[in-house]
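We count residues from 1, following the sequence as given. Here the structure is a predicted model, which is why all the values come from computation and not from measurement. Numbering of ligands and ligand atoms starts at 1, following listing order.
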Amino acid sequence: MDEKKLRIEKVVYGGMGLARLDGKVHLVPFTAPGDTVLADCREKKDYSICTVKSIIEPSPVRRKPICPHYTVCGGCHLQHLNEEAEIEIKEEFIQETLERIGGIKIQLKEFISGKFQHYRNKLEYSTFKGRPAYNGIDNRPFLMKECFIEDKNIMRVRKNIQGLRGVRKLILRTDDTKRVFAILKGNFNQRKNRRILNEAGVYYSISPDKKWNREEFLEFKTGGLNLVVSPLSFFQVNKEILERVIELLPELLSPDKKDIVVDAYSGVGTFGLSVSRYVKEVRLIEESKFGSDDSMHNIRRNYIENIKVFRGKVEENLDAFNGATKVVLDPPREGLNKNVIVALNEIKPERIVYISCNPSTLARDIKLLDGFKVAEVYGFNMFPYSYHVESIAILERG
Ligand SMILES: C[S@@+](CC[C@H](N)C(=O)[O-])C[C@H]1O[C@@H](n2cnc3c(N)ncnc32)[C@H](O)[C@@H]1O
């Protein structure tokens, strides 16, 4: 371990500060661009990982983290930065990653940010002493007082929960009706834990392995749609930012009444349903049984007639792309399967709206797609305080 004086140049994707010294890169968590720090550095092959011992000169963009658990938790990587700096850093993450991995040099058209606190409608906990806990940086569970990203309904209920037994993982979700749903994993006495959760204010609990018999759904209103979401289906965690995406989508897709639009990785159908009124046909492709069932339900609930649902993996439903003029992609962090890229290269849609929660796989996939030019890129602060960022790239046939 070497002690080094380092000046932090920038914060890179992953949330670490980067400093260069003696021709080597040093990565230092919890630092800000412009900090000068004294750090203990552990050498790796091409770089070193350092821990701050003291801050010699703080950056002007630093501020006191609001969370009492900040350095223990590690969930929010950027809380020691002011909000303007966080936004700037995230803009840079997207632009830099697109250039480094995809060879795409582009300025963001816009970076859209909303409220920074209490935005998450879904949180995942372990348990400690019968209570919901987070796993800290050292991987050990700890009990938290405040969490500044938890939705306030969830926080209220979470604080009441005590006496759980055998629960390995607990997920709490909430919706527009402000009800709180729980998903439990582990080996436990269902009835006892369910009673504890109900008394704490949970409306409905489900264990995916030992399903209880009642069918209950979260409910969201957005983009003129009434959506139901099974407790086990994906839904965007930050509703305010989701709404900004839905508002922008018609402009980004540039829809036409002749268009056949594929919404691949469609979840409960949010994006496909929201553009259905502008186009001839929408095809949703979703792997999860819960998500695709919910999308069928949502199509009926919203009286939509021009949508087809393809259940299963996108890579196994490539015929859904036949004749598609426009495509919306919203894959998980791993990005697109190779066969999906091959299919898009053959089908040659006029336009792709690629929504991504991982700029690295977005950049990789754009590079593999033939014959498109990147017309615009937007950034969204879907996950404030963390280094994660959402982006949308608009690809047009060039
Ligand atoms: C990032 S979420 C997006 C969901 C939806 N677009 C939304 O915004 O609510 C990705 C979705 O893709 C689904 N999924 C993951 N891998 C898939 C695959 N190979 N084929 C089809 N769907 C997949 C997940 O179940 C999840 O619903």
Side-chain angles (χ1 to χ4, degrees), residues 112 119-122 124 171 173 175-176 183 208 217-223 225-250 252-253 261-276 282-299 302 307-321 324 326-344 352-362 365 378 380 382-383 386 388-393:
I112 294 168
Y119 62 86
R120 273 196 85 98
N121 60 32
K122 179 181 176 191
E124 209 172 299
I171 296 170
R173 301 182 71 170
D175 66 357
D176 286 352
I183 301 141
F217 298 92
L218 294 109
E219 289 174 34
F220 293 97
K221 279 193 201 315
T222 182
L225 301 166
N226 286 314
L227 298 175
V228 290
V229 177
S230 144
L232 301 176
S233 294
F234 176 93
F235 195 73
Q236 301 287 348
V237 295
N238 184 332
K239 169 109 185 294
E240 182 189 5
I241 297 296
L242 168 65
E243 289 190 326
R244 303 296 301 275
V245 175
I246 293 175
E247 261 167 45
L248 256 182
L249 199 55
L252 305 185
L253 194 67
V261 175
V262 171
D263 174 4
Y265 310 90
S266 53
V268 302
T270 317
F271 296 140
L273 267 71
S274 75
V275 295
S276 62
V282 174
R283 300 171 188 165
L284 309 179
I285 320 175
E286 169 59 44
E287 171 183 37
S288 143
K289 177 188 174 314
F290 299 101
S292 54
D293 282 356
D294 291 351
S295 59
M296 301 283 289
H297 207 137
N298 288 328
I299 292 165
N302 291 281
I307 303 192
K308 291 186 184 144
V309 178
F310 293 71
R311 289 162 192 261
K313 291 185 188 293
V314 176
E315 52 274 29
E316 290 166 7
N317 279 283
L318 298 175
D319 51 340
F321 288 99
K326 310 222 164 116
V327 173
V328 177
L329 301 168
D330 186 13
R333 296 187 59 72
E334 307 82 70
L336 302 179
N337 173 286
K338 267 192 275 163
N339 293 337
V340 175
I341 294 184
V342 171
L344 290 168
I352 296 178
V353 176
Y354 190 146
I355 303 165
S356 164
C357 56
N358 183 351
S360 309
T361 51
L362 172 69
D365 291 345
Y378 290 79
F380 295 86
M382 185 74 94
F383 318 98
S386 86
H388 295 288
V389 65
E390 192 86 358
S391 31
I392 299 189

Practice task
With heavy atoms only and a cut-off of under 4.0 Å, state how S266 meets ligand 1: side chain, backbone, both or neither.
Solution key: backbone
Handout entry: Donor-acceptor contact present, side-chain E124 to main-chain I171, <3.5 Å
Key = no
Problem - Close-contact set for ligand 1 against F271 heavy atoms, below 4.0 Å - result: 6 (N), 8 (O)
Completion exercise
ligand 1 atoms nearer than 4.0 angstrom to some heavy atom of D330 are 1 (C), 2 (S), 3 (C), 4 (C), 5 (C), 6 (N), 7 (C), 8 (O), 10 (C)
Fill in the blank from the handout: Nearest non-hydrogen protein atom to atom 12 (O) of ligand 1, with distance, is Y265 CB, 3.4 Å
Practice task
Taking only heavy atoms of E315 into account, list the atoms of ligand 1 that are under 4.0 Å away from them.
Solution key: 19 (N)
Practice task
Give a yes or no answer on whether the side chain of N121 reaches the backbone of V237 with a donor-acceptor pair at less than 3.5 Å.
Solution key: yes
Problem - Identity and distance of the protein heavy atom lying nearest atom 26 (C) of ligand 1 - result: E286 OE1, 3.6 Å
Problem - Close-contact set for ligand 1 against P332 heavy atoms, below 4.0 Å - result: 15 (C), 16 (N)
Exercise for the section: Spell out, as yes or no, whether a donor-acceptor pair under 3.5 Å connects the side chain of T222 to the backbone of E243. Expected result: no
Problem - Atom indices of ligand 1, in the order listed, that fall short of 4.0 Å to a heavy atom of T270 - result: 9 (O)
Fill in the blank from the handout: atom 14 (N) of ligand 1 has as its nearest protein heavy atom E287 OE1, 3.7 Å
Completion exercise
The side chain to side chain contact (heavy atoms under 4.5 Å, CB included) partner of D294 among I299, T270, V268 is V268
Exercise for the section: Please verify whether a non-hydrogen atom of G291 lies at under 4.0 Å from ligand 1. Expected result: no
Exercise for the section: Determine yes or no for a side-chain-to-main-chain donor-acceptor pair under 3.5 angstrom, with D330 supplying the side chain and S266 the backbone. Expected result: no
Handout entry: Salt bridge K239-D175, side-chain N to carboxylate O under 4.0 Å
Key = no
Exercise for the section: For R173 and P231, indicate whether the former's side chain and the latter's backbone hold a donor-acceptor pair under 3.5 Å. Expected result: yes
Handout entry: Salt bridge E240-R244, side-chain N to carboxylate O under 4.0 Å
Key = no
Exercise for the section: Could you tell me if any non-hydrogen atom of G269 lies under 4.0 Å from any atom of ligand 1? Expected result: no
Practice task
May I ask you to check whether V314 has an N/O atom sitting below 3.5 Å from an N/O atom of ligand 1?
Solution key: yes
Exercise for the section: Give a yes or no on whether the backbone of L225 and the side-chain of N302 come within a donor-acceptor separation of less than 3.5 Å. Expected result: no
Exercise for the section: Looking only at distances, please establish whether an N/O atom of ligand 1 is found under 3.5 Å from an N/O atom of Q236. Expected result: yes
